[in-house]
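Note that this is a predicted model, so its numbers are computed, not measured. Numbers here simply count residues along the sequence, with the first being 1.
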Amino acid sequence: LVGRYQVIHQTGKNNFAEVKQTVGVVLKDNPNASRYHPMEYLDVLAMRMAAGCASVIISRAGSSIFEIASWGVPAIIIPLSEEVSHDQTKNAFAYARSGAAAVIEEHNLSAHILVAEIDRIINSPAIGEKMKIAAKGFARTDSAQKIAQVVLEIALEHA
């Protein structure tokens, strides 16, 4: 991947040291090693900055898909297996049905499949643009306002 792309990888705090060690070995003599950016955690600002420069986001299928949708970035979603979380699979396929994402189930995941999917999206401006539009259509950026309005209405009814 680093031969063609910049990679921002949020590893999680518990995995960061192991990922850094592995990358040190795998990318040791790679002239493009500086294109790989492992991060323990991306705070809100760092996440927005990463999303702002991303051509594709690869993610699990938790609540992050709603953030990804609001950013309007094409995505590849890799849900946790059904045994671990049946909700992630449902989320992933619901989002994919909107046209905003591709899904690769964990048991089908391989380096070749992932790279092929990234290349398919990035190398086809039409596909990427359709996914961006679909993501924006899936996003509910006014949901907090709607929830607040309902809470206020209920509160006023009981005042």
Of all the heavy-atom pairs spanning Ser59 and Ile68, show the shortest one and how long it is.
CB-CD1, 3.6 Å
Applying salt bridge (Lys or Arg N to Asp or Glu O under 4.0 Å), can you list everything that pairs with Arg4, at least two apart in sequence or on another chain?
Asp119
Of all pairs that satisfy side chain to side chain donor-acceptor pair (under 3.5 Å), the ones with a partner from residues 101-112, not counting sequence neighbours
Arg60-Glu106
Could you tell me the separation between the CD atom of Glu40 and the NZ atom of Lys20, rounded to the nearest 0.5 Å?
10.0 Å
Validation: residues 88-95 side-chain donor-acceptor distances under 3.5 Å, sequence neighbours left out:
| residue | atom | partner | partner atom | Å |
| --- | --- | --- | --- | --- |
| Gln88 | OE1 | Ala61 | N | 3.1 |
| Gln88 | OE1 | Leu80 | N | 2.9 |
| Thr89 | OG1 | Glu82 | OE2 | 3.3 |
| Asn91 | ND2 | Ala61 | O | 2.9 |

Going only through I, L, V, M, F, W and Y residues with side-chain contacts under 4.5 Å, is there a path from Ile57 to Met39?
yes
Report yes or no: does Gln10 contribute a side-chain atom to a donor-acceptor pair with the main-chain N or O of Leu42 at less than 3.5 Å?
yes
Salt bridge (Lys or Arg N to Asp or Glu O under 4.0 Å) involving Glu117 - partner list, sequence neighbours excluded
Arg120
Report the residues that fulfil side chain to side chain contact (heavy atoms under 4.5 Å, CB included) with Ala116, sequence neighbours left out, ordered by chain and then residue number.
none
Please enumerate all residues that pass salt bridge (Lys or Arg N to Asp or Glu O under 4.0 Å) together with Arg97, with sequence neighbours excluded.
none
Heavy-atom closest pair, residues Gly72 and Ala135:
CA-CB, 3.9 Å
How close do Ile77 and Ala101 get, heavy atom to heavy atom, and via which atoms?
CG1-CB, 3.8 Å
Co-members of Ile133 in a cluster of I, L, V, M, F, W and Y side chains, linked at under 4.5 Å
none
Side-chain donor-acceptor pairs of residues 136-146 under 3.5 Å, sequence neighbours excluded:
| residue | atom | partner | partner atom | Å |
| --- | --- | --- | --- | --- |
| Lys136 | NZ | Ser70 | O | 2.9 |
| Arg140 | NH1 | Gly137 | O | 2.8 |
| Arg140 | NH1 | Phe138 | O | 3.3 |
| Ser143 | OG | Arg140 | O | 3.1 |

Going by chain and number, the hydrophobic cluster around Val151 (ILVMFWY, side chain to side chain under 4.5 Å) further includes Ile147
Val150: hydrophobic cluster co-members (side-chain, 4.5 Å)
Ile154
Check the surroundings of atom CD in Gln21: do more than 12 heavy atoms from other residues, nucleotides or ligands lie under 6.0 Å from it?
no
Note: with side-chain heavy atoms under 4.5 Å as the link, the other cluster members for Ile122 come out as Leu1, Val2, Tyr5, Val7, Val19, Val23, Val26, Leu27, Tyr36, Val56, Ile58, Ile76, Ile78, Ile104, Leu109, Ile113, Leu114, Val115, Ile118, Ile121, Ile127, Met131
Among all residues two or more places apart in sequence or in another chain, which pass the salt bridge (Lys or Arg N to Asp or Glu O under 4.0 Å) test with Arg48?
none
